[in-house]
Amino acid sequence: MGKIRGYVISAVVVVAVIVSFLFITQYLFGVFNPFYVVVSESMVPNLNIGDIVIIKNNTPDYSFDHLKKGDIIVFKAPGDFMEDGKPRVIVHRVANIQEFNINGINRLVVTTKGDNNPESYNGLDFPILKENYIGKVIYILPKVGMVSMFLKPPVNYILIAIVGGATIFLMRRKKEQ
């Protein structure tokens with residue numbers, strides 16, 4: 001019974017570390033997931049397929065209201081949806097910022113464009129409103145995301161389970177020695 005209790009405690013510790021990491025990243029970056037993998041060539045040569053961008057959205061300098069022309073942002077495309085009905089997440093550069101009166105309220109509307117695209121596309125690059133905005137790119141990790149592009153469900157879940165199980169097993173084994 002003691003071994004099982006030890007494994008349970010180890011599993012709880014691993015889960016607590018993961019949850020703590022998620023809360024810390026949320027606090028530091030202002031978004032639940034600050035890491036996004038570039039999956040198209042629309043931003044070549046500045047961003048390439050497999051690059052990871054790290055975004056921030058928790059201080060005024062990184063908020064939607066303080067965007068500037070030339071900033072690279074991550075947003076939910078306003079009219080481009082994936083097969084599951086969710087909006088596609090895009091990484092593009094701010095091309096234009098205008099204020100429009102929408103239903104009697106003045107609102108900022110951002111237009112973006114991929115550096116490698118010939119033009120901005122309606123429904124993809126505009127109109128980007130505050131509710132579409134996820135965050136501003138603050139750092140780029142070149143090619144690090146290539147691994148995640150190959151590890152899609154269910155392979156990634158299986159690997160996470162194996163790594164988690166192996167970690168717990170090794171922690172318990174070391175403790176017993």
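None of these values were measured; they are calculated from a predicted model.
- In terms of heavy-atom proximity, His66 sits nearest to Asp71 at O-OD2, 4.4 Å.
- Heavy-atom contacts from other residues, nucleotides or ligands closer than 6.0 Å to CG of Asp84 number more than 12.
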Go through it in stages, so that I can follow the logic: the residues are Asn96 and Lys69, the test is side-chain contact (heavy atoms from CB on, under 4.5 Å), and I'd like the CA-CA distance, side-chain angles, deciding distance and then a yes or no. CA-CA 6 Å; Asn96 193 20; Lys69 188 175 179 179; 5.9 Å; no

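- Using a 3.5 Å distance cut-off with no hydrogens or angles, the side chains of Thr112 and Asp125 do pair a donor with an acceptor.
- Side-chain contact between Val53 and Ile72: absent, with no pair of heavy atoms (C-beta onward) separated by less than 4.5 Å.
- Residues Ile73 and Tyr121 share a hydrophobic cluster, clusters being chains of Ile/Leu/Val/Met/Phe/Trp/Tyr side chains in contact below 4.5 Å.
- Grouping the Ile, Leu, Val, Met, Phe, Trp and Tyr side chains by contacts below 4.5 angstrom, directly or via other members, places Ile55 with Leu28.
- Within the 4.5 Å cutoff, the side chain of Val110 has heavy atoms near those of the Phe64 side chain.
- Cluster annotation: Phe29 is connected to Ile52 through the hydrophobic network of ILVMFWY side chains, with a link wherever side-chain heavy atoms come within less than 4.5 Å.
- Lys56 NZ: more than 12 foreign heavy atoms inside a 6.0 Å radius.
- For Gln26, the CD atom sits in a packed shell: over 12 heavy atoms of surrounding residues, nucleotides or ligands are nearer than 6.0 Å.
- When the side chains of ILVMFWY residues are joined at heavy-atom separations under 4.5 Å, either directly or via intervening members, Val137 and Val144 end up in a single hydrophobic cluster.
- In the displayed structure, Tyr139 atom OH is contacted under 6.0 Å by at most 12 heavy atoms of other residues, nucleotides or ligands.
- Phe35 CZ to Leu141 CG: the interatomic distance, rounded to the nearest 0.5 Å, is 8.0 Å.
- One distance of note links CD1 of Ile128 with CG of Leu67; it measures 10.5 Å at 0.5 Å rounding.
- Heavy atoms only, all atoms of each residue included: Thr111 and Ser120 are closest at CG2-OG, 3.6 Å.
- Looking at heavy atoms from C-beta onward, Lys143 lies in side-chain contact with Asn48 at the 4.5 angstrom threshold.
- Judged purely by atom type and a 3.5 angstrom limit, Asn58 uses its side chain to pair as donor or acceptor with the backbone of Tyr27.
- Asp61 and Lys136 make their closest contact through O-NZ, 4.0 Å (heavy atoms, listed as atom of the first residue, atom of the second, distance).
- The shortest side-chain heavy-atom distance between Leu124 and Arg88 falls under the 4.5 Å cut-off.
- One distance of note links NE2 of His92 with CG of Asn117; it measures 5.0 Å at 0.5 Å rounding.
- Sequence neighbours left out, the pairs with a member in residues 108-122 that pass salt bridge (Lys or Arg N to Asp or Glu O under 4.0 Å) are Arg93-Asp115.
- A heavy-atom distance below 4.5 Å is not found between the side chains of Pro142 and Leu47.
- Between the CD atom of Glu99 and the CG atom of Asn106 there is a distance of 4.5 Å, given to the nearest 0.5 Å.
- Of the inter-residue distances, the one linking Phe126 atom CZ with Phe75 atom CZ reads 11.0 Å to the nearest 0.5 angstrom.
- Applying the side chain to side chain donor-acceptor pair (under 3.5 Å) rule to Lys130 yields the partners Asp65; only residues at least two apart in sequence or on another chain are considered.
- Among all heavy-atom pairs drawn from Pro127 and Val109, the shortest one is CB-CG1, 3.6 Å.
- Note that OH of Tyr36 is 12.5 Å distant from CD1 of Ile54, once rounded to the nearest 0.5 Å.
- Cluster membership for Val89 and Tyr62, using ILVMFWY side-chain heavy atoms within less than 4.5 angstrom, is shared.
- Looking at every heavy atom in both residues, Ala77 comes nearest to Ile90 through CB-CG1, 3.9 Å.
- Residues Ser63 and Pro60 approach most closely at OG-O, 3.0 Å, considering heavy atoms.
- Side chain of Asn57 to backbone of Gly30: no donor-acceptor contact under 3.5 angstrom is found.
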Would you sort out whether Leu129 and Arg107 count as a side-chain contact (heavy atoms from CB on, under 4.5 Å), showing the intermediate values? CA-CA 8 Å; Leu129 303 172; Arg107 299 196 59 193; 3.9 Å; yes

